[in-house]
Amino acid sequence: MSFVFCINIVLGNVSLRYIPVSFMQTIKSFTPATTVILQWLVWRKYFEWQIWASLVPIVGGILLTSITELSFNMFGFCAALFGCLATSTKTILAESLLHGYKFDSINTVYYMAPFATMILAVPALLLEGSGVMEWIQTCPSLFSSLVIIFGSGVLAFFLNFSIFYVIHSTTAVTFNVAGNLKVAVAVTCSWLIFRNPISALNAIGCGITLCGCTFYGYIRHMLAQPPPGTPQTSRAPRGKMELLPLVNEKLDDKV
């Protein structure tokens with residue numbers, strides 16, 4: 001999981017070198033679809049047809065945004081797309097730990113962070129060690145830069161803690177769909193701060209994606225409600241199979 005987390009961070013940073021923030025976040029909106037597909041193909045998890053249908057506007061909005069993107073770059077697009085796969089894999093593994101192995105959010109960060117540090121330490125020294133030393137010697141304001149780096153680390157800790165907390169409270173798919181709401185914020189801030197050009201169709205594609213996220217949330221809420229007059233049984237109904245953890249250890253106690 002730490003390795004997948006590192007791959008996700010690296011691909012995200014690489015994509016930001018070639019495409020704007022708004023476009024990268026829009027491509028990230030494809031994550032719910034990749035999460036559902038991976039859980040269905042690899043983990044053989046069942047999803048109702050309404051869940052699959054709710055992914056259509058999400059994917060369609062992303063395709064519309066990608067086609068009309070004014071700052072399109074193929075390398076950055078591919079990096080962001082593979083980053084979606086890494087994000088989906090990370091959230092699925094996190095769901096397995098949090099639901100199946102009884103981890104909590106703070107323990108998940110505690111065990112994942114040291115391994116991620118060790119994985120990134122050697123490539124960082126080999127690829128960027130000389131550049132960091134040169135930056136330290138020539139940086140006019142080292143203290144302010146270190147404050148920014150330290151602040152970024154603190155924010156990253158709270159970000160990952162909140163991610164695992166949400167996954168622990170819901171599921172990996174729900175977390176990724178909820179995360180798509182940040183697309184609107186990213187697009188707006190990218191236009192206001194960095195003045196990245198946004199076409200009308202690009203904005204329409206973002207709107208379709210957000211509508212698809214809302215529709216997914218509605219479908220999840222409706223499927224989670226038992227039919228009126230249905231007696232409580234010891235077996236989970238087929239419509240709730242996606243709510244069960246991927247790891248089936250002590251599954252009878254959960255049901």
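Just so you know, residue 1 is the first one in the sequence shown, and it goes up from there.
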Worksheet item: Hey, does the side chain of H99 reach the backbone of I167 with a donor-acceptor pair shorter than 3.5 angstrom?
Response: yes
Worksheet item: Looking at CZ of F5 and OG1 of T91, how far apart are the two atoms once the value is rounded to the nearest 0.5 Å?
Response: 12.5 Å
Fill in: Separation between NZ of K90 and CZ of F164, rounded to the nearest 0.5 Å
6.0 Å
Practice prompt. To the nearest 0.5 angstrom, please state how far the CZ atom of F161 sits from the CD1 atom of I106.
Written response: 5.5 Å
Discussion item. So which atom in A116 and which in S2 form the shortest heavy-atom distance, rounded to 0.1 Å?
Written reply: N-CB, 3.7 Å
Worksheet entry | T87 side-chain N/O to G83 backbone N/O, donor-acceptor pair under 3.5 Å | yes
Worksheet item: Shared ILVMFWY cluster between L127 and I119, side chains joined below 4.5 angstrom?
Response: no
Worksheet entry | Spacing of L97 atom CG and I92 atom CD1 [to the nearest 0.5 Å] | 12.5 Å
Item to complete: Measure from the side-chain N and O atoms of T34 to the backbone N and O of L85, and report whether any donor-acceptor pair falls under 3.5 Å.
Response: no
Discussion item. I need the minimum non-hydrogen distance between T35 and S88, along with the two atoms involved.
Written reply: OG1-OG, 3.1 Å
Fill in: Same cluster (ILVMFWY, side-chain, under 4.5 Å), Y101 and L98
yes
Practice prompt. Please report the shortest heavy-atom distance between V14 and F75, naming the atom on each side.
Written response: CG1-CE2, 3.6 Å
Worksheet item: Any side-chain heavy-atom pair from H168 and Y165 closer than 4.5 angstrom?
Response: no
Discussion item. Please give me the minimum heavy-atom distance between I208 and P57, naming the atom from each residue.
Written reply: CG2-O, 3.3 Å
Response to the item:
Heavy atoms of M112 and N160 approach each other most closely as CE-OD1, 4.4 Å
Worksheet entry | In one Ile/Leu/Val/Met/Phe/Trp/Tyr side-chain cluster, 4.5 Å: L81, M74 | yes
Worksheet entry | Verdict with reasoning, F115 to C6, per side chain to side chain contact (heavy atoms under 4.5 Å, CB included) | CA-CA 10 Å; F115 285 103; C6 294; over 6 Å; no
Worksheet, complete the sentence: Value for CG (L38) from SG (C84), rounded to nearest 0.5 Å, stands at 11.0 Å
Fill in: Linked, directly or transitively: F3 and L125 (ILVMFWY side chains, under 4.5 Å)
no
Practice prompt. Describe, in one word, how the ring planes of Y111 and F103 are oriented to each other, choosing from parallel (under 30°), tilted (30 to 60°) and perpendicular (over 60°).
Written response: tilted
Worksheet, complete the sentence: Tightest non-hydrogen contact, residues A94 and M1, listed as CB-CE, 3.6 Å
Discussion item. Is it the case that over 12 heavy atoms from other parts of the model lie below 6.0 angstrom from the CZ atom of F157?
Written reply: yes
Worksheet item: Measuring from I7:CD1 to F82:CZ, what's the distance to the nearest 0.5 Å?
Response: 12.0 Å
Worksheet item: Are V122 and V132 connected in a single hydrophobic cluster, I mean Ile/Leu/Val/Met/Phe/Trp/Tyr linked by side-chain heavy atoms less than 4.5 Å apart?
Response: no
Discussion item. Run W52 and I37 through side chain to side chain contact (heavy atoms under 4.5 Å, CB included) and show every step you take.
Written reply: CA-CA 9 Å; W52 292 98; I37 294 172; 4.1 Å; yes
